[in-house]
Amino acid sequence: MKRPNANKEREDRFTDEVVVDAYNEEERAMSWYYYATDNFAFPFKALCALKRSTSPLKVGDRAEVIGMAPEDVCMQELMVLIKWEEEDLAVPLIQLESPDSTGLTRQILADWKYWVDRGYTF
């Protein structure tokens, strides 16, 4: 998994805490899912930082993240539920930043961005 210019602390966390004992794509997806589910401090305020064609959010939109999307929706990438026009909507976690978050919520957001930016997949 390690690549040049890797963040050793973050890479070790992935190996030791996030995807420990995950040997295939489904196990890695579920490992990330439960790591996020168990450690995010829901709800939290988020800001859209990245446009995705699969999401109605535009850069700069604000949303409240209320939980993880169902497991089956998170098999390709982490998705979270937001309140959108009085409905719950699943959007890609990679779209969101949460400048006011602290602790594990901030860490998970940074870890997921790092994972995606490095080209890692489930």
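Source: prediction; values computed, not measured.
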Quiz item: Is any side-chain heavy atom of Met79 less than 4.5 Å from a side-chain heavy atom of Leu93?
Solution: no
Quiz item: Are any of the side-chain heavy atoms of Leu57 and Trp84 separated by less than 4.5 Å?
Solution: yes
Quiz prompt | Shortest non-hydrogen contact from Phe14 toward Asp111 | solution = CZ-O, 3.5 Å
Practice problem: Sort and list the pairs that fulfil side chain to side chain donor-acceptor pair (under 3.5 Å) and have at least one residue in residues 35-44, not counting sequence neighbours. | Solution: Tyr35-Gln107
Quiz item: Does any N or O in the side chain of Gln95 come within less than 3.5 Å of the main-chain N or O of Leu50, such that one atom is a donor and the other an acceptor?
Solution: yes
Exercise. Please report the closest heavy-atom contact between Ala69 and Cys74, naming both atoms and the distance.
Key: O-SG, 3.9 Å
Practice problem: Identify the two heavy atoms, one from Asp61 and one from Pro56, that lie closest to each other, and give their separation to 0.1 Å. | Solution: OD2-O, 4.2 Å
Quiz item: Can you name the residues that form a side-chain contact (heavy atoms from CB on, under 4.5 Å) with Thr105, not counting sequence neighbours?
Solution: Phe40, Ala41, Phe44, Ser101, Leu109
Quiz item: For Glu64 and Pro43, which heavy atoms make the closest approach, and how far apart are they?
Solution: OE2-CB, 3.4 Å
Quiz item: Does Tyr23 offer a backbone N or O that forms a donor-acceptor pair with the side chain of Glu27 under 3.5 Å?
Solution: yes
Quiz prompt | Heavy-atom side-chain proximity of Ile94 to Arg52 below 4.5 angstrom | solution = yes
Quiz prompt | Hydrophobic cluster membership, Val18 vs Val20, 4.5 Å side-chain cutoff | solution = no
Quiz item: So, does Thr15 use its side chain to make a donor-acceptor pair with the main chain of Glu11 at under 3.5 Å?
Solution: yes
Quiz prompt | Cluster check Ile82, Val73: I/L/V/M/F/W/Y, side chain < 4.5 angstrom | solution = no
Quiz prompt | Least distance between heavy atoms, Ser55 atom then Val91 atom | solution = OG-CG1, 3.7 Å
Quiz item: Ring centres of Tyr33 and Trp112 under 6.0 Å apart?
Solution: no
Quiz prompt | Side chains of Val19 and Trp115 in contact at under 4.5 Å (non-hydrogen atoms) | solution = yes
Quiz prompt | Results of side chain to side chain donor-acceptor pair (under 3.5 Å) for Arg106 - residues two or more places apart only | solution = none
Quiz prompt | Nearest heavy atoms of Leu78 and Met68, plus distance in Å | solution = CD2-CE, 3.9 Å
